[in-house]
Number of protein chains: 2
Amino acid sequence: MPRETFYNLPEVKRGKVESAAIDEFSQYAYDSASINRIIDMAGIPKGSFYQYFEDKKDVYRYVIDRLVEKKMAHLKPMLENPLQDNFFDLLFKLYRGGLEFALSNPQLQMITSKILADRKHPVFLELMHDHINASEQVFHILLEKGIERGEIRADIDLELSAHILSTLNTAFADYYLEKKGSIIEEDYLAYVSRHITFLKQGMGSEKSR
Amino acid sequence: MPRETFYNLPEVKRGKVESAAIDEFSQYAYDSASINRIIDMAGIPKGSFYQYFEDKKDVYRYVIDRLVEKKMAHLKPMLENPLQDNFFDLLFKLYRGGLEFALSNPQLQMITSKILADRKHPVFLELMHDHINASEQVFHILLEKGIERGEIRADIDLELSAHILSTLNTAFADYYLEKKGSIIEEDYLAYVSRHITFLKQGMGSEKSR
DNA sequence: TTAGAATGTGACCATAAAGTCATATGACCA
DNA sequence: TGGTCATATGACTTTATGGTCACATTCTAA
């Protein structure tokens, strides 16, 4: 946890530090991220930085907490009544939400991808016993319900399918971000919709079933 | 390219250096990988290392070349007559091949994942103008053919679908590698088969189409 | 006005990194 | 035996890292 001093900081200065940290961790994995670059970006001396944070892990935890907080806030409305929609309608909302989050917070999305790629790193095992795989767990539950309701084929592998939905959720947003870049360019809702159709019906034609 | 000296090395010593390098790059991303650790593992002095390789990039390139070479050798038979199978039979072979490769070369598989996660790193842009996205391109071609033959729905997004197939190919192998022995007791061929069924038919039940 | 607490600050430390180089060793040929 | 060439070697250089700390400054309250 950041020190009291950090929270007492004038808002603009605290914001500069936070932005610098997010910027650094969006470009570099935990090990390669540099405190020196962060303080240069933020325009604060090194001594000050260590008044605010205990160590590197501490800033990183802070950044991840902000990330989770923002993402949760974004997805919360969709998970309020998860069982009133049918599975694929809810899936659409979740993927749309994920994409919108990525488009409006590209740096946080980049951090998300880095975390997933690096998830076996010691620092995560220590830092994230909470929210890692939260996404996978949500999809697991939803899939179970979907099977009960007969919306999902009963012969799927639950664990694997939950993993795939979670992986693709991030991968899909990453892909869109990389290829399209901005939300205005094209009808991204149609794009999400086509992706959900793939998840529901696969790539195969009628003929090939 | 490694220096002449490296190739003149007695096979066993050269093998030790190669293994040490592969081991290091399977555990650490390019930036975090350490030459010092490599030479300690290989049991050679630092001076010798720099007789063999020009710099860090040079060993890395060497490792990647070995990786691509081995993977190609493994997948070659499946790509010999790509159009004699229907799309999903070929897809099955490719996913099976990918999984078998991962199972018999777990370290190389780990390197593959790291490369994909880190693909925007300067060193890759310089090093891999060849074979990056080779996988995506193959899938792209196969999908086109599949559409022509009416095996694939004509309304899919080609680029995105190729990307998904490529991403899932690696993700699927990673997942199996991580989970095998614990929750997966099923024979791996049946596992691949079920995954291909998902790609073909999706997760949706008949009712929900 | 002044004591004391909270903050700010950058020189400094130990450590590790990639890469160099002068010298030592060994092999091959005359 | 002597000379030349490829190879082996580890001390060394430079640069960066995460983190510390003695001291300076500012703020608060009595």
Side-chain angles (χ1 to χ4, degrees), chain A residues 1-18 20-25 27-64 114 118 121-124 126-127, chain B residues 1-18 20-25 27-64 114 118 121-124 126-127:
Chain A
M1 297 284 297
R3 297 224 157 78
E4 192 60 28
T5 319
F6 179 65
Y7 293 108
N8 294 341
L9 241 38
E11 213 177 300
V12 34
K13 186 171 183 182
R14 201 180 66 226
K16 267 213 260 185
V17 174
E18 182 178 314
I22 288 177
D23 196 50
E24 179 69 10
F25 286 116
Q27 285 188 260
Y28 300 92
Y30 180 77
D31 280 333
S32 308
S34 155
I35 304 290
N36 289 333
R37 276 193 299 255
I38 293 177
I39 63 172
D40 285 351
M41 274 189 280
I44 58 166
K46 192 165 226 174
S48 298
F49 179 90
Y50 282 97
Q51 296 269 358
Y52 308 148
F53 302 101
E54 205 183 334
D55 53 18
K56 194 179 179 176
K57 213 163 58 187
D58 199 27
V59 226
Y60 195 54
R61 174 170 30 219
Y62 176 74
V63 165
I64 289 181
K114 286 208 191 309
D118 239 6
H121 191 293
V123 86
F124 294 120
E126 183 187 342
L127 233 56
Chain B
M1 296 283 298
R3 295 225 158 77
E4 193 60 27
T5 318
F6 178 65
Y7 293 107
N8 294 340
L9 242 37
E11 214 177 298
V12 36
K13 186 172 181 182
R14 201 181 65 228
K16 266 212 262 185
V17 175
E18 183 177 314
I22 288 177
D23 195 52
E24 179 69 10
F25 286 117
Q27 286 187 258
Y28 300 92
Y30 179 77
D31 280 333
S32 308
S34 155
I35 305 291
N36 288 335
R37 276 193 299 255
I38 292 178
I39 63 173
D40 286 350
M41 274 189 277
I44 59 166
K46 191 164 225 175
S48 299
F49 179 89
Y50 282 97
Q51 295 269 1
Y52 307 148
F53 301 100
E54 207 182 333
D55 54 17
K56 194 179 180 179
K57 213 164 59 187
D58 200 24
V59 226
Y60 195 54
R61 173 168 33 216
Y62 177 74
V63 165
I64 289 181
K114 286 209 190 308
D118 239 5
H121 190 293
V123 87
F124 295 120
E126 182 186 342
L127 233 56

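Each chain gets a letter, A, B and so on, in the order its sequence line appears, and its residues count up from 1. The figures here come from the full heavy-atom set of this structure, side chains too, leaving out hydrogens, waters and symmetry mates.
- Although no hydrogens or angles enter the test, the distance criterion places a donor-acceptor pair under 3.5 Å between the side chain of A/E24 and the main chain of A/S34.
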| request: Show your working on side-chain contact (heavy atoms from CB on, under 4.5 Å) between B/F25 and B/I64 and close with a plain yes or no. | output: CA-CA 10 Å; B/F25 286 117; B/I64 289 181; over 6 Å; no
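- Note on B/Y50: a side-chain N or O is less than 4.0 Å away from OP1 or OP2 of C/dG19.
- Defining each end axis of the helix from C/dT1-D/dA30 to C/dA30-D/dT1 as the rotation carrying four pairs' C1' atoms onto the next four, with five pairs an end, the two axes are found to diverge by 10° to 10 degrees.
- Distance CG/B/D118 to OG/B/S32: 8.5 Å, rounded to 0.5 Å.
- Taken to the nearest 0.5 Å, the CE atom of B/M41 stands 10.5 Å off from the CG atom of B/N36.
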| For every nucleotide of nucleotides 7-13 of chain D, 5' to 3': is a protein heavy atom under 4.0 Å from its base (B), only from its sugar-phosphate (S), or from neither (-)? | SBBB---
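- Other residues, nucleotides and ligands contribute over 12 non-hydrogen atoms within 6.0 Å of the NZ atom of B/K56.
- The nearest whole Å value for the distance from the CZ atom in A/F6 to the P atom in C/dG8 is 11 Å.
- Ring geometry for B/Y62 against B/F6 counts as perpendicular: the plane angle is over 60°, on a 0 to 90° scale with 30° as the lower cut.
- We find the CZ-CD distance between B/R14 and B/E11 to be 6.0 Å, quoted to the nearest 0.5 Å.
- The side-chain contact (heavy atoms from CB on, under 4.5 Å) with A/P2 is formed by just one residue from the set A/V59, A/D58, A/L9, A/V17; it is A/D58.
- For residues 31-40 of chain A, proximity to DNA chain D is found at A/A33, A/S34, A/I35, A/N36, defined as any non-hydrogen atom under 4.0 angstrom from a strand atom.
- Of the possible polar contacts, one joining the B/Y30 side chain to the B/K57 backbone as a donor-acceptor pair under 3.5 Å is found.
- Between A/F49 and A/F53, the ring planes lie tilted relative to each other; the angle falls in the 30° to 60° range.
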